[in-house]
Amino acid sequence: MLVSVVACSTASPATQTGVDAGGDTSVTYSYPKGFLFGSATAAFQVEKGLTASDWSAWARTKGKIVGDGHPDTGGPDALAHVDDDVKLLVDSKQNAYRFSIEWSRIYPTRESFDRNEPVAEAVAAYDGLITKLVAAKIAPMVTLHHFSMPSWLSDVTKSNEPQGWERPETSTLFAEFARRMAARWGKHVDLWITINEPLNVALGGYVQGSFPPGVLLDVPRALALVKAEARAHALAFDAIHEADTVDADGDGKAAMVSVALHQRTFHALDPNESVDVEAADRVRRLWNLWFANAIVRGDFDDEFDLSYDGPNDKKADPTLVKRADFLGFNYYSDTLVSATRGIILPVIKAAIYQANLETDRPKSDFGWDIHPDGLGVVLDELAPYGLPLIITENGLADASDNNRARFLAEHLVQVGQALQRGVDVRGYMHWALIDNFEWASGFCPKFGFASYNSSGTRTARPSLDVYRSIIESNSLAETRVAAMPAYKSATEFCR
Ligand code: IFM
């Protein structure tokens, strides 16, 4: 029998160890003061009425979305349910909420942007959300670009022409948008994310063709886009700092600005093939390190040779260096890489596999491997950049909620262990607060801590109560995790 779960402290404030009478050692993790325990969503995935977004046009194009789903007809309508969603956060003791302010809602036309005439109802809606969060002592983390682009900058019917980030004017317009949002809401918001998952925007839009503008297998165009996003991020970073000088949470700092990277682990499809092992490392350097190197160190690997020593590479480019106050990153799962099997993409000279992997790990409803250890790996990979780290998304599609509590707990164990190793982790945002529109996959994957019905009524899943108890006690014992029901691997997948 366990005598003391938290009998004595180790050197790390994050972890305490207890030894029971039988000599069993259990570890209980606790998290530093001020640690952000939150959830995340994104405007286009949870709001209705975004008619001036490229994603709206894309989702209305027959055949682009599984089940032809559209947030206007099946979504949770978050702006009409602010009180309900804030209640979910409050009831579960969360102290942070990541959401996005939709550029195309604030400025639906180029004219409204040029004249700086924001839509009053849109401003009022986000004002209402932010005010209620602040009143509930929930720190708002605002994303300014989460996949969706105003249709006046991105025409989904003209994929052969430059769209979105490809247009030379987009980066300066985005920086101006960021400046205005920071000026308006900086008194309440300290945490800003410029662009969500810059590499996924490029992969979805220019390689897989599943995101606007729907281009297939054009890796050079995708990589040019990533470079434009890095430049746009740096401009927006500067603009936010100029406009938001108010320290909203009293921690001595005003704006804290970053991106939300998407980090993964990478393994060889055939671990016995050295070409696969090399390819996995090549893809890892591109996917996990290129963007961070650009905006933290200012190392701009122009040709993506991934050696950071090519003919046009820059070191400490003054227009890019030190453009992150922390590193935000999303972590979900593993990728397998082959140098010989599948569609070999140029530049990376590899094929990548992200779903339905032939591994013995349990699978989520989305066919993604449940791989908590990978969170520890990517935390260690980012630690050398010397910045605080915030996990801006982590979660799984799990309609039955069988796996979510264990998934959550095992990832928080990884955070606890990283803290013990000295990694400066400041927060964890679960994806997602509520079920939502999962882009090309429509409404099948259920990522939410809560579901909703056709009238918008929210129902919390049992795993949210597990999150509440971890947050409330600020502790997570390995024995508790071990006692949770084992994963049930999904056998039918949303795609
Ligand atoms: O739903 C997405 C989110 O928009 C970006 N990160 C991954 C999530 C799950 O696929």
Side-chain angles (χ1 to χ4, degrees), residues 38-47 50 53-56 58-59 65-66 69-71 74-76 78 97-103 141-149 193-205 208 210-212 229 258-265 287-288 291 327-335 352 354-357 363-371 374-375 378 390-399 403-404 407-408 411 428-451 490 493-495:
S39 299
T41 59
F44 192 77
Q45 295 180 269
V46 297
E47 295 179 12
L50 289 172
S53 147
D54 62 349
W55 258 98
S56 183
W58 182 253
I65 309 297
V66 171
H70 192 288
Y97 181 47
R98 176 179 173 226
F99 60 96
S100 67
I101 290 182
E102 175 69 27
W103 189 357
M141 174 184 267
V142 172
T143 308
L144 293 166
H145 184 275
H146 196 121
F147 295 171
S148 162
M149 185 67 92
I193 297 292
T194 56
I195 303 174
N196 181 71
E197 297 179 342
L199 276 91
N200 297 64
V201 177
L203 180 72
Q208 295 173 332
S210 52
F211 283 18
E229 289 178 293
S258 188
V259 279
L261 304 168
H262 179 128
Q263 306 299 95
R264 304 183 68 85
T265 51
W287 194 264
N288 283 4
F291 210 91
L327 278 175
F329 74 93
N330 306 342
Y331 170 75
Y332 286 89
S333 192
D334 190 34
T335 296
I352 52 176
Q354 301 194 334
N356 306 97
L357 305 181
K363 311 282 183 247
S364 76
D365 294 351
F366 216 13
W368 291 354
D369 276 20
I370 296 178
H371 181 39
L375 178 57
V378 298
I390 297 182
I391 298 147
T392 38
E393 285 179 30
N394 170 246
L396 84 171
D398 180 20
N403 296 326
R404 191 170 282 102
F407 179 101
L408 170 73
H411 285 81
Y428 172 92
M429 311 280 159
H430 193 79
W431 184 271
L433 179 64
I434 182 117
D435 288 342
N436 59 73
F437 175 77
E438 178 55 31
W439 308 110
S441 302
F443 290 104
C444 175
K446 307 291 187 211
F447 276 92
F449 267 137
S451 60
F493 303 116
C494 297
R495 273 285 134 202

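Throughout, residue positions are numbered sequentially from 1 according to the sequence presented. Every number for a ligand or one of its atoms is a count from 1 in the order of the listing.
By the 4.5 Å heavy-atom criterion applied to side chains, Phe493 and Phe366 are not counted as neighbours.
Residues forming a ring-ring contact (aromatic ring centres under 6.0 Å, His included) with Tyr332 (at least two apart in sequence, or on another chain): His262, Trp368. When the ring-ring contact (aromatic ring centres under 6.0 Å, His included) test is applied to Phe99, the partners found at least two apart in sequence or on another chain are Tyr97. Looking at residues two or more places apart in sequence or on another chain, you find no salt bridge (charged side-chain N to carboxylate O under 4.0 Å, His left out) involving Glu197.
Residues lining ligand 1 at a heavy-atom distance below 4.0 Å are given as Gln45, His146, Phe147, Asn196, Glu197, Tyr332, Trp368, Glu393, Trp431, Glu438, Trp439, Phe447, ordered by chain and residue number.
Taking the charged nitrogens against the carboxylate oxygens, Asp369 and Lys363 do have a contact shorter than 4.0 Å, which makes a salt bridge.
Under the 6.0 Å cut-off for aromatic ring centres, Phe449 and His430 qualify, their centroids lying closer than that.
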